[in-house]
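Reading through the structure tokens given below for one structure.
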Amino acid sequence: MDDRIELVQSEALAAVSDAQDLDALQQVRIQYLGKKGSIQQLMSFMKSLSREEKPAFGQKVNLCKQTVTDAVEARQKELKAAALVKQMEEEKLDITLAGYDLEIGTVHPLMMIQQEIEDLFLGMGYKIAEGPEVEQDYYNFELANIPKDHPARDMQDTFYIDPNTLLRTHTTAMQMRELEKARGGLPIKLICPGKVYRRDDDDATHSHQFMQSEGLVVGEHITLADLKGTLEFMANKMFGEGRKIRFRPSYFPFTEPSVEVDVSCPFCNGRGCSVCKQTGWIEILGAGMVHPHVLEMNGFDPDKCSGFAFGVGLERVAMLKYGIDDIRNFYINDQRFLKTFDRFD
Ligand code: PHE
């Protein structure tokens, strides 16, 4: 009988090690360890044994069962590991395959100019102020010394939302908010960059939405010379060393005197070229000394303080700096145009 157990065991162990995959091993398990399997069948011989023989026989069959079970489990581990290796080989990641380009955006050229202006003025101790694009007539016009029916309202064709609410036409509206907020407290030194809107037909040099930055300084003994020095510094930083600026008399209701400011042409160094229309100068902004009436309306005493203000168009600066000939480029989101600016980052 013992021989029979040994025979079954050695057959079973051989079958286990012959099994080449998990399915085959499962078949072997059923064949030997299943309810009707060969090892279970050995138990049926018990009936024919004497009482004394039964325990030893039972033990041997159990031992055989355990040995085969252990062998099946060990083989199962081996086969699983082999299956995993095979799977990994088959599914190998081919890192030589060309990947997809990750599209990364670039900073918009107008943002670059805004950041450049902000850095420049922060470095001179200015604050950066903000204000709403949907503005009240009061801040955009009234406090800026442009009452209703004033002819200067025609200078800026306005998008009205209702008779008292509009899309701000200039960053000067933020200047007025800041003056009002300061309640006569000195000094004031800030810039306010932001979007502005005018009812213009879009063409190569006009856009119904564009960007400006206002600059405002109010304190004791602030003069036109301070304005000139500040703008000269800005022109040199923005357009390269050696730029000169000049003032031409102009008119804005909120400044007195008012000036248009030209910078010596950065393309021909003032000699005259097609960009500056042979004049050697390019107009870049409007500016002036804050009108005494504006100071008064906002709670400042014009006998004790004075101030200068300027408003610079960011598109104009960007067009000059990067040689762009159509303002619409900034707003049509053509990736081919915008992508050319990554080299300036
Ligand atoms: N607000 C003026 C404009 O939009 C610019 C300006 C600002 C002029 C501040 C003088 C002082 O044209």
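Note that ligands are numbered from 1 as they come in the structure, with each ligand's atoms numbered from 1 the same way.
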Run through all N or O atoms in ligand 1 and write down each protein N or O closer than 3.5 Å, as a pair with its distance.
from: ligand 1; atom 1: 1 (N); to: H170; atom 2: ND1; distance (Å): 3.1
from: ligand 1; atom 1: 1 (N); to: T172; atom 2: OG1; distance (Å): 2.8
from: ligand 1; atom 1: 4 (O); to: R198; atom 2: NH2; distance (Å): 2.8
from: ligand 1; atom 1: 4 (O); to: Q212; atom 2: NE2; distance (Å): 2.9

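Ion pairing between a basic and an acidic side chain is recognised when a charged N comes within 4.0 Å of a carboxylate O; E118 and K127 show no such pairing. The residues R246 and D262 are annotated as salt-bridged, a charged nitrogen and a carboxylate oxygen being separated by less than 4.0 angstrom. Ion pairing between R316 and E283 fails under the 4.0 Å rule for side-chain N and carboxylate O. By the 4.0 Å N-to-carboxylate-O rule, D326 lies close enough to R328 to be salt-bridged with it.
Side chains of D70 and Q66: a donor on one and an acceptor on the other come within 3.5 Å.
A cation-pi arrangement, defined by a distance under 6.0 Å to the six-membered ring centre and an angle within 45 degrees of its axis, is absent between K195 and F210.
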